[in-house]
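Notes follow the structure.
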Amino acid sequence: MKILTGIQPSGKLHWGNYFGAMKSMFDLQAKGEQMYMFIANFHAMTTVREGATLREATRDVALDYLACGLDPAKTIVYRQSDVPEVQELAWYLSCLTPMGLLERCHSYKDKMAHGFEATHGLFAYPVLMAADILIMNADLVPVGKDQKQHLEVTRDLAQKFNNAYGEIFKLPDAYIPQSVATIPGTDGQKMSKSYHNTIGLFEDPKAIKKKVMGIVTDSTPMEAPKEPEGNSIYELYRLFATPEEVAKMAAAFRAGGYGYGMAKKALLEAYHRLFDPFRARREELARDPDALEDILRDGARKAREAASCTMEKVRVAVGL
Ligand code: ADP
Ligand code: TRP
């Protein structure tokens with residue numbers, strides 16, 4: 001089973017990204033699955049327009065993943081742009097892609113609704129994503145719910161290609177773990193960089209404290225018993241704490257005399273317990289940019305081997 005996933009370097013990673021996407025990847029890695037994880041810097045160009053920003057964000061995502069548990073000895077990690085063959089495959093797929101298929105994509109319509117400029121890059125985004133997946137012959141693609149349609153487009157394009165040129169591509173499946181909850185942000189709605197309600201994985205500890213202490217709560221007085229389910233602080237605490245600690249907090253809320261301020265402090269402590277070692281590792285990795293570059297180059301070399309193997313067959317099939 002070959003598993004591949006990509007992440008756009010288009011903003012600082014936050015708690016929602018960790019518990020919603022990164023953690024399930026590390027669990028798969030621990031099971032010994034064959035994994036590819038790449039940083040989708042070509043895709044990020046649809047929204048990031050500054051070279052220095054893109055370069056830094058690409059590096060930051062790599063550092064974040066490595067610090068939190070990505071093991072380059074088990075998972076092949078690379079920058080999308082280090083496998084330029086994906087652009088070539090994207091063109092071949094483009095020539096088979098009906099306009100209507102892309103016009104129906106929610107992500108494009110959503111970007112238009114949010115006032116983004118209607119560029120060809122944004123429109124053709126799903127074709128490049130299909131190329132990322134098909135070039136590596138991935139079986140399974142862990143993604144968030146919002147990417148489900150892009151996986152349908154990928155399967156559709158693989159099928160069209162196979163119908164035209166012969167059986168070259170596998171039809172990959174999306175992997176959307178049902179157990180992954182929607183992580184709430186500081187205002188109670190889904191944590192997302194677009195809503196400005198995120199808590200970054202490696203923000204300055206003072207800023208994290210301020211955000212945690214500022215999580216929006218209702219105004220039930222401290223003495224009153226409270227229902228923990230559905231409360232953002234409790235929902236976030238659940239992610240970090242042990243089952244015994246979670247049960248203890250739930251009981252304290254229900255008994256009354258336990259205020260939101262106390263729960264926020266417990267949450268902050270639980271965050272530090274998990275993330276302080278990751279932060280130390282990140283600082284260590286950041287001190288040696290050459291070592292990071294070596295990891296990414298090594299990943300790219302392995303990824304390119306797989307990509308070249310696919311492209312040799314593809315070029316013959318299309319008549320080049
Ligand atoms: P954002 O919403 O901040 O733009 P992305 O869309 O870039 O985040 O998400 C990257 C990955 O992180 C996706 O797999 C997505 O499902 C996951 N993710 C992001 N925010 C959350 C959240 N609040 N709860 C659960 N998963 C999330
Ligand atoms: N579109 C994905 C996202 O925004 C990122 C991505 C690009 C991707 N290419 C991919 C994910 C290939 C999985 C496989 O989250």
Side-chain angles (χ1 to χ4, degrees), residues 2-26 28 35-48 57-58 60-61 64-65 68 76-81 83 86-87 89-90 93 105-108 110-111 114 116 121-122 124-155 157-158 172-201 232 235-236 238-239 303 307:
K2 211 180 206 187
I3 302 176
L4 170 134
T5 194
I7 173 124
Q8 282 199 65
S10 54
K12 301 262 184 227
L13 296 180
H14 53 73
W15 291 9
N17 297 136
Y18 180 78
F19 290 105
M22 297 166 80
K23 198 165 171 291
S24 45
M25 227 201 97
F26 301 144
L28 287 168
M35 309 264 295
Y36 288 78
M37 136 80 196
F38 72 96
I39 305 163
N41 53 353
F42 282 149
H43 276 109
M45 288 178 69
T46 55
T47 52
V48 181
T58 303
D60 278 347
V61 168
D64 287 355
Y65 266 83
C68 292
I76 296 174
V77 51
Y78 60 99
R79 276 178 295 239
Q80 186 180 30
S81 56
V83 184
V86 294
Q87 294 288 4
L89 180 58
L93 296 175
C105 283
H106 308 305
S107 62
Y108 180 71
D110 192 57
K111 284 275 186 319
H114 280 87
F116 280 84
L122 267 183
Y125 183 113
V127 182
L128 181 58
M129 182 159 163
D132 294 328
I133 297 168
L134 299 177
I135 207 165
M136 294 301 173
N137 260 309
D139 298 287
L140 210 59
V141 184
V143 280
K145 279 192 213 102
D146 56 325
Q147 298 294 317
K148 195 166 171 257
Q149 193 183 32
H150 289 161
L151 260 296
E152 282 156 18
V153 170
T154 302
R155 290 172 64 92
L157 296 184
D173 286 307
Y175 173 67
I176 306 172
Q178 290 310 314
S179 58
V180 172
T182 299
I183 318 305
T186 50
D187 58 356
Q189 58 173 334
K190 177 188 177 227
M191 188 178 286
S192 166
K193 60 180 175 284
S194 340
Y195 302 149
H196 306 289
N197 63 357
T198 61
I199 308 177
L201 297 183
S232 305
E235 297 302 334
L236 291 170
R238 259 189 174 162
L239 302 167

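Atoms within a ligand are numbered from 1 in the order they appear, just like the ligands themselves. Index from 1, following the sequence.
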For His14, enumerate each residue passing the ring-ring contact (aromatic ring centres under 6.0 Å, His included) test, keeping only those at least two apart in sequence or located in another chain. none
Checking contacts here: is it the side chain or the backbone of Gln147 that comes within 4.0 Å of ligand 2, counting heavy atoms only? Could be both or neither. side chain
Hey, is Leu4 touching ligand 2 through its side chain, its backbone, both or neither, going by heavy atoms under 4.0 Å? side chain
Any residue meeting ring-ring contact (aromatic ring centres under 6.0 Å, His included) with Phe42, in chain and number order, not counting sequence neighbours: none
Taking only heavy atoms of Val141 into account, list the atoms of ligand 2 that are under 4.0 Å away from them. 13 (C), 14 (C)
Pairs under 3.5 Å, N/O atoms on ligand 1 and on the protein: can you put them in a table with the distances?
{"residue": "ligand 1", "atom": "2 (O)", "partner": "Ser192", "partner atom": "OG", "Å": "2.9"}
{"residue": "ligand 1", "atom": "3 (O)", "partner": "His14", "partner atom": "NE2", "Å": "2.8"}
{"residue": "ligand 1", "atom": "3 (O)", "partner": "Lys193", "partner atom": "N", "Å": "2.7"}
{"residue": "ligand 1", "atom": "4 (O)", "partner": "Lys193", "partner atom": "NZ", "Å": "2.8"}
{"residue": "ligand 1", "atom": "7 (O)", "partner": "Lys193", "partner atom": "NZ", "Å": "3.1"}
{"residue": "ligand 1", "atom": "9 (O)", "partner": "Asn17", "partner atom": "ND2", "Å": "3.4"}
{"residue": "ligand 1", "atom": "12 (O)", "partner": "Asn17", "partner atom": "ND2", "Å": "3.0"}
{"residue": "ligand 1", "atom": "14 (O)", "partner": "Gly144", "partner atom": "N", "Å": "3.4"}
{"residue": "ligand 1", "atom": "20 (N)", "partner": "Met191", "partner atom": "O", "Å": "3.3"}
{"residue": "ligand 1", "atom": "23 (N)", "partner": "Ile183", "partner atom": "O", "Å": "2.9"}
{"residue": "ligand 1", "atom": "23 (N)", "partner": "Met191", "partner atom": "N", "Å": "3.4"}
{"residue": "ligand 1", "atom": "23 (N)", "partner": "Met191", "partner atom": "O", "Å": "2.9"}
{"residue": "ligand 1", "atom": "24 (N)", "partner": "Ile183", "partner atom": "N", "Å": "2.9"}
{"residue": "ligand 1", "atom": "26 (N)", "partner": "Gly16", "partner atom": "O", "Å": "3.4"}

Check side-chain contact (heavy atoms from CB on, under 4.5 Å) between Pro184 and all other residues, then give those that pass, not counting sequence neighbours. Ser232, Glu235, Leu236
Purely on distance, is any nitrogen or oxygen of Thr5 under 3.5 Å from one on ligand 2? no
Nearest 0.5 angstrom please: Thr198 OG1 to Lys190 NZ, how far? 11.5 Å
Nearest-contact summary for atom 9 (N) of ligand 2 - protein heavy atom, Å: Asp132 OD2, 2.8 Å
Nearest heavy atoms of Thr46 and His43, plus distance in Å: OG1-O, 2.6 Å
Taking heavy atoms and a distance under 4.0 Å, where does Val143 meet ligand 2: side chain, backbone, both or neither? side chain
Hey, is NZ on Lys2 packed in by over 12 heavy atoms from elsewhere, all under 6.0 Å? yes
Under 3.5 Å donor-acceptor, Asp139 side chain and Asp173 backbone: no
Taking atom CD of Gln8 and atom OG1 of Thr58, what is their separation to the nearest 0.5 Å? 10.5 Å
What is the distance from atom CG of Asp64 to atom CG of Leu13, rounded to the nearest 0.5 Å? 4.5 Å
Would a distance-only check, ignoring hydrogens and angles, find a side-chain to backbone donor-acceptor pair under 3.5 Å from His106 to Asp146? no
Could you tell me, atom by atom, which parts of ligand 2 come under 4.0 Å of a heavy atom of Phe38? 9 (N), 10 (C), 12 (C)
Rounded distance (nearest 0.5 Å) linking atom CH2 of Trp15 with atom CD1 of Ile183: 10.5 Å
Which residue and heavy atom of the protein sit nearest atom 1 (N) of ligand 2, plus the separation: Tyr125 OH, 2.7 Å
If you scan protein heavy atoms around atom 5 (C) of ligand 2, the nearest is Gly6 O, 3.6 Å
Nearest protein heavy-atom contact for atom 7 (C) of ligand 2: which residue, which atom, what distance? His43 ND1, 3.3 Å
